[in-house]
Amino acid sequence: MSSRPSATLRYVEKGDLCSGCGLCAAVAAPGAVEVRLQANGYLRPEVLKDLSPQDDALIAATCPAVRLRQENGEGEDHAIWGPVLKTRVGYATDPDLRFHASSGGVLSATLLYLLDSNAVDYVVQTAASPDSPVGNAVVESLERSGVYDAAGSRYGPSAPLSHVRRQLQKPGRFAFVGKPCDVAALRALSRHDSRVAEKIPFVISFFCAGVPSLKGTRDILSRLGVREDEVAEFRYRGDGWPGPTRVTTTDGRTLQMSYADAWGGILSRHLQFRCKICPDGSGGFADMVCADAWYGDEKGYPAFAESEGRS
């Protein structure tokens, strides 16, 4: 079988259109593509071996940087929000989870229900990396502790689809949690791989305002006067609503910054280009989407005063 460099990935790179979802690494031949953190602080694919024409064609058909195709579903097909079945406001009935999670804990509570009811065997989601508290990693949560530990926003690069080929080959079914672009890529893959529908019965997303570079996180550390090698734990949000950005150091210090200052003043200024032109920040490809049900001020802008979280 002949092989070649990836014309699709060259096109995506030229237009700076990559979202860093990791699907290209998963669908290519093993070892052909790896998603790695770049000097600019974003995750990007690196082609290590020439791709077969078939692999490149599959990447072109599924990459959310190339195309998004959303089918009209049940319910209202809203001009802004897309297909909507129901919209509800609520929160996790477990007060500890409600407090710990970013926005009322409904997403995490749903995952716990799916595990407890044996609707799925595990959950694929993003959590803090074991190698770096400021980085992200793809985790497979088998029980409550894993879901609880992963609860809370992770405002940095993540590639939750990077291992999906291996996960589709494993026994058992799982719920998938990802950014809207991740979910769009997974839906596109489902049109080419029947195992997606069989193995992933629940696809969950969240409202997304974009992926900041890891440089944004490092900017927060700099303003708090903390070196990256001093960080023992880094939480972008949670433990309140909206909850502070909080850093715990290896020598036991705790420093924090408000959500408005961390996201509004720093992280939002480091968004990758693909996020600035995203047509689906509300996760229209997912079965269920969670978001902050902010209370508005007199001008209708979200009020970030601490309160009990709601989704």
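Here the shortest heavy-atom pairing between P45 and C18 reads CD-SG, 3.7 Å. In terms of heavy-atom proximity, A293 sits nearest to S311 at CB-C, 3.8 Å. Minimum heavy-atom separation, L43 to A159: CD1-N, 3.8 Å. Residues D56 and A7 share a closest heavy-atom pair of OD2-N, 3.3 Å.
No close placement of the Y301 and W294 rings is indicated, their centers lying 6.0 Å or farther apart.
A distance-only check finds a donor-acceptor pair linking the side chain of Y42 to the backbone of L271 [under 3.5 Å]. Between the side chain of R69 and the main chain of A188, no donor-acceptor pair closer than 3.5 Å is present. R98 contributes a side-chain N or O that, together with a main-chain N or O of G309, makes up a donor-acceptor pair within less than 3.5 Å. Side chain of Q38 to main chain of R36: a donor-acceptor pair is present (N/O by atom type, distance under 3.5 Å, no hydrogens or angles). At distances below 3.5 Å, not a single donor-acceptor pair connects side-chain atoms of Q125 with backbone N or O atoms of V138. A side-chain donor-acceptor contact under 3.5 Å links D287 to the backbone of V203. Side-chain atoms of S102 come within 3.5 Å of backbone N or O of S153 as a donor-acceptor pair. When atom types are taken as modelled, the side chain of S213 and the backbone of N40 share a donor-acceptor pair closer than 3.5 angstrom. A donor-acceptor contact shorter than 3.5 Å is absent between the side chain of R235 and the backbone of P244.
Using a 4.0 Å cut-off between charged nitrogen and carboxylate oxygen, K49 and D55 do not count as a salt-bridge pair. Salt-bridge annotation for K199 and D121: absent, with no side-chain N of the basic residue lying under 4.0 Å from a carboxylate O of the acidic one.
Listed by first and then second residue, the salt bridge (charged side-chain N to carboxylate O under 4.0 Å, His left out) pairs involving residues 129-141 are E140-R166, E140-K170 (not counting sequence neighbours). Within the structure, ring-ring contact (aromatic ring centres under 6.0 Å, His included) contacts touching residues 144-185 (residues at least two apart or in different chains) are H100-Y148, Y122-F174, Y155-Y236, Y155-W263.
Using bins of under 30°, 30° to 60° and over 60° for the plane-to-plane angle, the ring pair F207/W81 lands in the parallel bin.
Between T110 and the options L112, V106, L107, a side chain to side chain contact (heavy atoms under 4.5 Å, CB included) holds for only V106.
Once rounded to the nearest 0.5 Å, the distance linking CZ of R165 with CG of D193 reads 8.5 Å. Put simply, OG on S190 and CD on E198 are 11.5 Å apart, with the number rounded to the nearest 0.5 Å. Note that the OG atom of S205 and the CE atom of M288 stand 11.0 Å from one another [nearest 0.5 Å]. The distance from atom OG1 of T62 to atom CZ of R187, rounded to the nearest 0.5 Å, is 14.5 Å. Taken from CG in L9 to NZ in K14, the straight-line distance is 15.0 Å, to the nearest 0.5 Å. Separation of atoms CG (L23) and CG (L189) is listed at 5.5 Å; rounding is to 0.5 Å.
Enclosure of atom CZ in R144 is not indicated, since only 12 or fewer non-hydrogen atoms of other residues, nucleotides or ligands lie within 6.0 angstrom. The 12-atom threshold is exceeded at CZ of R191, counting heavy atoms of other residues, nucleotides or ligands nearer than 6.0 Å. Enclosure of atom CD in E308 is not indicated, since only 12 or fewer non-hydrogen atoms of other residues, nucleotides or ligands lie within 6.0 angstrom. Residue Q256 places its CD atom among more than 12 non-hydrogen atoms of other residues, nucleotides or ligands, all under 6.0 Å distant.
Applying the side chain to side chain donor-acceptor pair (under 3.5 Å) rule to S222 yields no partners; only residues at least two apart in sequence or on another chain are considered. In this structure, D149 has no salt bridge (Lys or Arg N to Asp or Glu O under 4.0 Å) partners at least two apart in sequence or on a different chain. A search for side chain to side chain contact (heavy atoms under 4.5 Å, CB included) contacts involving A128 returns R154, not counting sequence neighbours. Contacts of D219 classified as salt bridge (Lys or Arg N to Asp or Glu O under 4.0 Å), with partners at least two apart in sequence or in another chain: R223.
Looking at heavy atoms from C-beta onward, L224 lies in side-chain contact with M257 at the 4.5 angstrom threshold. For the pair S258/F304, no side-chain contact is recorded, criterion being any heavy-atom separation below 4.5 Å from C-beta on. In this structure, the side chains of I220 and D261 stay at 4.5 Å or more apart for every pair of heavy atoms. Here the side chains of R274 and P64 are in contact, with some heavy-atom distance below 4.5 Å. Annotation: side chain of C290 is not in contact with side chain of S103 (no heavy-atom distance under 4.5 Å). With contacts defined as side-chain heavy-atom distances shorter than 4.5 Å, the pair K179/P160 qualifies. A 4.5 Å side-chain heavy-atom check between V124 and I200 finds every atom pair outside the cut-off. Side-chain contact between R246 and E233 is absent, with no heavy atoms from C-beta onward closer than 4.5 Å.
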> Checking side chain to side chain contact (heavy atoms under 4.5 Å, CB included) for the pair V120/L115: CA distance, chi angles, key distance, verdict?
Replying inline: CA-CA 6 Å; V120 297; L115 288 171; 4.0 Å; yes
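In terms of hydrophobic clustering, with Ile, Leu, Val, Met, Phe, Trp and Tyr side chains grouped at heavy-atom distances under 4.5 Å, L37 and F234 are assigned to a common cluster. Hydrophobic clustering (ILVMFWY, side-chain heavy atoms < 4.5 Å, transitive): L142 and V147 are in distinct clusters.
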